[in-house]
Amino acid sequence: MSLTHDTIYALVRRIPAGRVATYGQIAALAGFPRHARQVGYALAALHDGHTDVPWHRVVNAGGAVSRRADPGGEDYQRILLEAEGVVFDEHGCLSLSRFQWRPDQYSNSES
DNA sequence: CCACTGACGAGTG
DNA sequence: GCACTCGCCAGTG
């Protein structure tokens, strides 16, 4: 079993709009808690516009948007998230405590 | 098949 | 709060 791009994309697609997940979280959900990098590399290979993967819902552990290969992509990601209701603070980060996706949150109505 | 290439995370000083 | 180290592995040419 390996942490393939396909596995990563499948998990990213499960992130609901208005919620975000961290690279490490995706890796952990896939069963590879220390493979955060693989997640980033997988998303880097996406090339937005050619996939149905909501890559913009994936942020780093600090709740900030990571650098992309394409300059300006960071702003693009932020715009997409804000359009989904995610709010960024003055540091350019978002509140993971409020916007981080939690799979368990779905089985239990909790706000 | 080998070498190079990357959207990270947590810890230490 | 910043600079650095180590751990991690699938694509692509």
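Order of the sequence lines fixes the chain letters, A, B, ..., with proteins taken first and strands second; residue numbering starts at 1 for each chain.
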Salt bridge (Lys or Arg N to Asp or Glu O under 4.0 Å) pairs touching residues 44-54 of chain A, sequence neighbours excluded, are A/Arg13-A/Asp52, A/Asp48-A/Arg68
Partner residues of A/His5 under the ring pair (Phe, Tyr, Trp, His ring centres under 6.0 Å) criterion, sequence neighbours left out: A/Tyr9
Could you give the distance from OG (A/Ser66) to CD (A/Gln77), rounded to the nearest 0.5 Å? 7.5 Å
A/Ile8 CD1 - B/dG6 C1' separation (whole Å): 12 Å
Salt bridge (Lys or Arg N to Asp or Glu O under 4.0 Å) contacts in which one or both residues fall within residues 84-99 of chain A, not counting sequence neighbours: A/Arg57-A/Glu84
List for me each residue that meets side-chain contact (heavy atoms from CB on, under 4.5 Å) alongside A/Arg14, sequence neighbours excluded, and say none if there are none. A/Leu11, A/Trp101
Nucleotide interval of DNA chain C bounded by contacts with chain A (heavy-atom cut-off, under 4.0 Å): C/dG7 to C/dG11
For the pair made of CG in A/Leu3 and P in B/dC8, what is the distance, rounded to whole Å? 14 Å
Sorted by chain and number, sequence neighbours left out, salt bridge (charged side-chain N to carboxylate O under 4.0 Å, His left out) with A/Glu74 holds for none
Rounded to the nearest Å, what distance is computed from the CD atom of residue A/Gln25 to the P atom of nucleotide B/dA10? 11 Å
Partners passing side-chain contact (heavy atoms from CB on, under 4.5 Å) against A/Ala28 (at least two apart in sequence or in another chain): none
Considering only residues two or more places apart or on different chains, which pairs with a residue in residues 54-76 of chain A satisfy ring pair (Phe, Tyr, Trp, His ring centres under 6.0 Å)? A/Trp55-A/Tyr76
Output the rounded distance in Å from CD (A/Glu74) to P (B/dC8). 11 Å
C1' spacing across the pair B/dG6 / C/dG7, given as an integer number of angstrom: 15 Å
Tell me which residues in residues 32-46 of chain A put a heavy atom below 4.0 Å from DNA chain C, sorted by number, or none. A/Arg34, A/His35, A/Arg37, A/Gln38
Only one of A/Thr51, A/Val58, A/Ile26 forms a side chain to side chain contact (heavy atoms under 4.5 Å, CB included) with A/Leu43, so which one is it? A/Val58
Test side-chain hydrogen bond (donor to acceptor under 3.5 Å, both in side chains) applied to A/Gln25 - qualifying residues, sequence neighbours left out: A/Gln100
Apply the hydrophobic cluster definition, ILVMFWY joined by side-chain contacts under 4.5 Å directly or through others, and give me every member besides A/Leu94. A/Val20, A/Val59, A/Val65, A/Leu81, A/Val86, A/Val87, A/Phe88, A/Leu96, A/Phe99
Nucleic acid contacts - residues 77-89 of chain A versus DNA chain C, non-hydrogen atoms under 4.0 Å: none
Over how many whole Å does the gap from A/Arg67 atom CZ to B/dC8 atom P extend? 8 Å
